[in-house]
Amino acid sequence: MTGVNITPVPRIAVIVVAAGSGTRLAAGAPKAFVGIDEHTMLRHALTRVLQAPEAQIVIVAPAGREGDALTDALAAAGDRRDLVSVVAGGSSRQASVAAGLNALWGDVEIVLVHDAARALTPPGVFERVIAAVDAGGVGAVPVLPVIDTIKRVEDARIVAAVERSELSAAQTPQGFRRDILDAAYRGADQDFTDDAALVAAAGHSVAVVEGDALAFKITTPADLERARSLVARHPLLASAAHLENPTPAPRVGVGTDVHAFGGEGPLWLAGLEWPGEPALSGHSDGDAVAHAIVDALLSAAGLGDIGTHFGTDHPEYAGAHAAAFLSRTLGLLGEAGWRVGNVAVQVQANRPRFSARRAEAEAVLSTALGGASVSVSATTTDGLGFTGRGEGVSAFAMALVVPS
Ligand code: CTP
Ligand code: MG
């Protein structure tokens, strides 16, 4: 049978909030990017989300760290990478959830909000929450009974015993009908501690389902130690982050770049210095060939584009040469589970003349890409256009990436 296989858009979405700074953990990086083993909290959380029923997955990352979140997400997603996207969060958890809500697809009917910090939450908790909302509920929250005896304290004195059987500790994912959650967020006029509190304040009754001890939130260094030793002692917990989603097929990508002549110093192009040739202008060295290759590789891997990873908020790349860009790109690809198949790039320029140095350029670019095959070709444009008038150069690259 011929025909196009159209995958239905999922009716469930999971917003994974990962935009917090992790002040209490104080691990020197935003909490979601702190490693439990060789994988970050975010990667662990996402692997488990991806084992739950199929859903759109929106990751809310700290502003400026969207590229890192996407790398983790794509590595976890395998061949389901089309389901994941990343948006920047806000200054409170509530603002971050709101940013995630704005990124939901039209067909989504049930939304789960999950803390990346609850990195070891098993897929079964997601299933229970979805089932409760699916059964006609407005919302459902996983809870655990409170084990400790609870006292009400004022001025360092116990003023009352609190009946423990009335209490439950709330976890995430918290799931809601999308229309209810959207309306509750639009109407919220104060900060609530979780989504259930916000929806309850909007006048709705939220159900509970059984939580899981593994859904604890990593908040303090002691929590992180607990997560690390659990993962170290239980191979199944560690391997959850490696669970094979089907291997993705090889992918191609394209990239172009243009730079004008008029920069300072010598010309750098295709990873080579060209003494005596006019320089190109740009944030870095203006190497349009290298930048086109970076874009082609990132596009092939679905990792965004050069601005995502090397934008002006990465001042370390100001003035950098091809090797710095290409080796970082290779690293990003590796983290996302790709290696470079081959790269082909064509330069349109009157000058410099590539024929005498083509092999040298290919060798330099290939070395920077860990030995992958790079073909460089060059053409003039018969005097036409800005390249023909000698105002600048243009480069067009294609790349193939294969699963590593
Ligand atoms: N979160 C978020 N945006 C914020 C604050 C928090 O997306 N502005 C997310 C966190 O990334 C985390 C979850 O909400 O996954 C629960 O928050 P919490 O455990 O408090 O994390 P942090 O705010 O990062 O930690 P801390 O309060 O210690 O700074
Ligand atoms: Mg916080």
Side-chain angles (χ1 to χ4, degrees), residues 13-36 39-50 52 55-73 76 84-104 111-122 125-126 129 141-144 169-176 181 184-185 188 190-199 211-228 230-231 241:
V14 183
I15 297 173
V16 179
V17 282
S21 51
T23 331
R24 287 167 288 177
L25 189 60
K31 190 158 80 176
F33 298 114
V34 174
I36 293 181
H39 293 305
T40 65
M41 277 189 217
L42 179 61
R43 170 86 181 263
H44 272 277
L46 290 174
T47 308
R48 289 159 174 87
V49 172
L50 278 146
Q56 181 195 1
I57 299 169
V58 178
I59 298 133
V60 187
R65 299 297 299 265
E66 294 93 328
D68 298 316
L70 190 60
T71 306
D72 261 345
V84 304
S85 57
V86 177
V87 297
S91 58
S92 65
R93 183 183 182 280
Q94 197 160 312
S96 294
V97 176
L101 284 172
N102 282 333
L104 295 184
V111 183
L112 275 61
V113 182
H114 185 47
D115 294 335
R118 297 180 190 274
L120 303 184
T121 306
V125 183
F126 291 81
V129 170
V141 171
V143 297
L144 283 184
Q171 303 180 319
T172 76
Q174 302 190 348
F176 306 91
L181 190 62
Y185 262 85
Q190 63 179 95
D191 230 35
F192 292 90
T193 50
D194 65 359
D195 309 287
L198 192 149
V199 168
D212 192 301
L214 284 172
F216 69 98
K217 183 156 74 73
I218 301 173
T219 306
T220 62
D223 298 326
L224 181 59
E225 264 324 298
R226 181 173 162 210
R228 284 182 171 158
L230 278 166
V231 165

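Read the numbers this way: they start at 1 and go in the same order the structure lists the ligands and their atoms. Side-chain atoms are counted along with the backbone in the values below, which use heavy atoms only and exclude waters and symmetry mates.
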Gly90 touching ligand 1 at heavy-atom level, < 4.0 angstrom: yes
Heavy atom of the protein closest to atom 29 (O) of ligand 1 (residue, atom name, distance): Thr23 OG1, 2.5 Å
Under 4.0 Å to a heavy atom of Arg93 - the qualifying atoms of ligand 1, by number: 3 (N), 4 (C), 5 (C), 6 (C), 8 (N), 14 (O)
Protein heavy-atom partner closest to atom 20 (O) of ligand 1 - residue, atom, separation in Å: Arg24 NH2, 3.0 Å
Nearest non-hydrogen protein atom, atom 22 (P) of ligand 1: Gly22 N, 3.7 Å
For Asp115, the ligand 1 atoms whose distance to one of its heavy atoms is below 4.0 Å: 13 (C), 14 (O), 15 (O), 16 (C)
Donor-acceptor pair between Asp223 and Thr220 side chains, under 3.5 angstrom: yes
Check: Ile218 N/O within less than 3.5 Å of ligand 1 N/O: no
Presence of salt bridge, Arg93 and Asp195, under 4.0 angstrom: yes
Closest protein heavy atom to atom 17 (O) of ligand 1, given as residue, atom name and distance to 0.1 Å: Lys217 NZ, 4.5 Å
Close side-chain approach of Phe176 to Leu198, heavy-atom, < 4.5 Å: no
Value rounded to 0.5 Å, distance of CG in Asn102 from CD1 in Ile15: 9.0 Å
Closest contact, heavy atoms only, Glu66 versus Val87: CG-C, 4.4 Å
4.0 Å heavy-atom contact, Gly89 with ligand 1: no
Nearest protein heavy atom with distance in Å, relative to atom 23 (O) of ligand 1: Gly20 CA, 3.9 Å
Residue portion contacting ligand 1 (non-hydrogen atoms closer than 4.0 Å) for Lys31: side chain
Nitrogen or oxygen of Val17 less than 3.5 angstrom from that of ligand 1: yes
